[in-house]
2 protein chains.
Amino acid sequence: MPDETQPSASPGVTPKAAYHHGDLRAQLITAVRELVETHGPDGFSVSEAARRAGVSSAAPYKHFKDRHEILRGVVSEAMDRLRAAMEAGAASYPVGSLEAVATVGRAYVEFAKAEPGVFRLVFGLTEGHENAPDLLAKGEGCFGVVVQAVAACLDLPPGDRDVQRRAYMLWSLVHGHSFLNIDMKTKVTTAEIDDWAYLMAVSRAILTAPEG
Amino acid sequence: MPDETQPSASPGVTPKAAYHHGDLRAQLITAVRELVETHGPDGFSVSEAARRAGVSSAAPYKHFKDRHEILRGVVSEAMDRLRAAMEAGAASYPVGSLEAVATVGRAYVEFAKAEPGVFRLVFGLTEGHENAPDLLAKGEGCFGVVVQAVAACLDLPPGDRDVQRRAYMLWSLVHGHSFLNIDMKTKVTTAEIDDWAYLMAVSRAILTAPEG
DNA sequence: TGCCAAAGTGAGTGACGCTAACATATGTAA
DNA sequence: TTACATATGTTAGCGTCACTCACTTTGGCA
């Protein structure tokens with residue numbers, strides 16, 4: 001199940017790579033990611049991905065149970081990148097600063113802008129998604145980044161109920177903004193928004209509001 | 001193109017109904033809505049919808065150009081209902097009250113909860129969506145409901161820039177909350193949220209924050 | 001060296017999206 | 001009423017896709 005990383009892995013316990021093809025599993029995930037990005041989350045086919053990887057249309061089923069499992073692989077990889085981007089953002093400003101909070105949101109929004117197809121896939125996966133505790137865990141991991149930034153900013157422990165509440169508000173807001181941003185690209189009167197100013201204003205509004 | 005309303009329409013310019021079948025167009029849209037709701041946005045097929053309506057698998061193409069156009073029909077109908085729900089909500093509280101704002105958001109969230117499949121479809125439509133100015137217009141119409149409630153609450157004209165900004169913040173927040181709510185149904189620590197209290201708190205936070 | 005399991009192939013099945021050619025009902029006009 | 005144009009429906013068929021099965025090839029290892 002795990003490990004879609006190195007093509008030239010050492011012959012350890014689960015190498016899963018470099019037999020005939022090289023590393024088909026990872027190459028398929030890459031192909032699918034590109035397809036999802038260019039043709040939308042629905043405009044992908046296992047056959048086309050196999051074609052791009054230069055293998056027969058039956059080969060993918062040696063690595064994935066069905067098409068949903070491939071998508072889950074793409075989502076898993078994408079969530080890793082999303083989290084990394086959020087953490088990298090947070091680290092580029094002083095711990096506890098409002099900018100650190102806003103920049104986590106900016107990483108989120110920019111991910112959505114850069115890879116709208118994948119972003120939609122990540123949060124649009126429904127079928128076969130239920131039995132995927134690893135994805136849920138990664139989702140909570142991303143949320144955790146927000147919580148930590150908020151906690152540092154409010155100088156409260158991450159487990160604090162008010163911290164969680166405000167972090168969730170911020171996440172909802174950023175999540176919604178990302179989607180709206182993607183959907184009506186050049187539309188909606190208010191869509192021409194300076195993301196950074198917007199995120200700073202939003203963070204300030206939510207973090208300084210009196211406790212509800 | 002328009003008109004999926006009355007089966008027994010008068011023989012006007014574009015009756016489009018009650019020939020052989022009765023009113024296949026509307027019946028197909030209903031069938032697709034049900035399929036989308038039960039099997040997810042992807043788990044729908046034109047064939048299955050035709051089967052449910054009791055016609056051959058080629059019949060739908062007399063009413064819709066392709067599968068995407070059927071989906072657009074479903075989305076269009078859903079957006080009408082969504083807007084109606086938002087307006088009905090707003091009308092159930094005094095104009096200008098904070099509750100009126102919060103209740104618009106609640107209508108939104110409850111629509112998402114009641115019809116998660118359709119909700120996802122509405123905001124997940126990508127292919128063939130570009131050339132659909134009517135859907136974009138309906139989207140702006142829904143946003144307009146939020147703007148009006150916010151404007152009344154702040155006692156400012158709907159065109160005011162600050163009103164638009166705050167309305168957009170609120171919409172993002174509610175939109176994001178709706179999605180997160182659907183996605184991790186029973187998950188994420190903070191997901192057990194009293195929607196009403198949450199929406200009231202959020203509305204207050206955003207409407208009373210100092211201008212940014 | 002011989003064996004097993006992993007990794008890949010090719011052919012086949014059933015479903016689907018969509019089109020083409022044909023059949024039938026309906027409103028309008030001669 | 002009859003004749004026609006058009007809207008609506010049907011059957012048959014094409015190409016694609018997801019997925020399976022039987023088979024071959026390859027590499028690691030006892």
Side-chain angles (χ1 to χ4, degrees), chain A residues 1-4 6-29 31-32 35-36 39-74 127-128, chain B residues 1-4 6-29 31-32 35-36 39-74 127-128:
Chain A
M1 231 70 84
D3 194 340
E4 55 262 13
Q6 301 300 15
S8 56
S10 64
V13 184
T14 48
K16 283 231 175 201
Y19 268 72
H20 305 65
H21 181 90
D23 183 25
L24 184 54
R25 186 188 161 93
Q27 218 163 312
L28 281 173
I29 288 189
V32 169
L35 283 172
V36 164
H39 299 91
D42 302 349
F44 121 88
S45 82
V46 177
S47 308
E48 178 64 22
R51 227 170 283 135
R52 289 203 175 197
V55 294
S56 77
S57 62
Y61 297 96
K62 297 291 175 177
H63 295 270
F64 301 94
K65 181 171 145 284
D66 55 20
R67 69 194 305 274
H68 303 303
E69 195 170 296
I70 308 185
L71 289 176
R72 255 177 284 150
V74 174
E127 355 220 0
Chain B
M1 229 72 84
D3 193 340
E4 57 261 13
Q6 300 300 15
S8 57
S10 64
V13 185
T14 47
K16 283 233 178 199
Y19 269 73
H20 305 63
H21 180 90
D23 183 26
L24 184 55
R25 184 188 162 93
Q27 220 163 312
L28 282 173
I29 288 189
V32 168
L35 283 173
V36 164
H39 299 91
D42 303 349
F44 122 88
S45 82
V46 177
S47 308
E48 177 64 23
R51 226 170 283 135
R52 290 204 176 196
V55 295
S56 75
S57 62
Y61 296 96
K62 297 291 174 173
H63 295 270
F64 301 94
K65 180 172 145 284
D66 55 20
R67 69 193 308 273
H68 303 303
E69 195 169 298
I70 308 185
L71 289 176
R72 253 178 283 150
V74 174
E127 354 221 0

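Nothing here was measured: the structure is a model prediction, and the numbers come from that model. Sequence lines set the chain letters: A, B, ... in the order given, protein chains first and strands last, and positions in each chain run from 1.
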Interatomic distance where [atom1] belongs to [X] and [atom2] belongs to [N] [whole Å]:
X	N	atom1	atom2	value
A/D42	D/dC17	CG	C1'	14 Å
A/D23	C/dA6	CG	C1'	14 Å
A/K65	D/dT20	NZ	C1'	14 Å
A/R25	C/dA6	CZ	P	15 Å
A/F64	C/dG8	CZ	P	11 Å

Quick one: closest heavy-atom pair of [X] and [Y], and the distance?
X	Y	result
A/V36	A/L71	CG2-CD2, 4.4 Å
A/I70	A/P60	CD1-CB, 4.5 Å
A/E69	A/F64	OE2-CA, 3.6 Å

Can a side chain N or O of A/H68 be found less than 4.0 Å away from OP1 or OP2 on D/dA18?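 For D/dA18, OP1/OP2 do not have a side-chain N/O of A/H68 under 4.0 Å.
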
Using the 3.5 Å cut-off, write out each protein N or O paired with an N or O of nucleotides 13-17 of chain C and the distance between them.
residue, atom, partner, partner atom, Å
C/dC16, OP2, B/R51, NH2, 2.7
C/dG17, OP1, B/V46, N, 3.1
C/dG17, OP2, B/V46, N, 3.1
C/dG17, OP2, B/S47, N, 3.1
C/dG17, OP2, B/S47, OG, 3.1

Residues 44-53 of chain A, side-chain donor-acceptor partners within the protein, below 3.5 Å, at least two apart:
residue, atom, partner, partner atom, Å
A/S45, OG, A/E48, N, 2.9
A/E48, OE1, A/R51, NH1, 2.5
A/R52, NH1, A/E34, OE1, 3.4

With sequence neighbours left out, which residue pairs that include part of residues 58-68 of chain A fulfil the salt bridge (charged side-chain N to carboxylate O under 4.0 Å, His left out) condition?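 The answer is none; no pair qualifies.
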
For A/A59, what residues pass the side-chain contact (heavy atoms from CB on, under 4.5 Å) criterion, not counting sequence neighbours?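 Result, side-chain contact (heavy atoms from CB on, under 4.5 Å) vs A/A59: A/L24, A/V55, A/S56.
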
At a cut-off of 3.5 Å, list every protein nitrogen or oxygen paired with a nitrogen or oxygen from nucleotides 9-12 of chain C, distance to 0.1 Å.
residue, atom, partner, partner atom, Å
C/dT9, OP2, A/S56, N, 2.8
C/dT9, OP2, A/S56, OG, 2.9

Could you measure the distance from the CG atom of B/D42 to the CG atom of B/L35? Nearest 0.5 Å is fine.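 B/D42 CG to B/L35 CG: 12.5 Å, rounded to 0.5 Å.
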
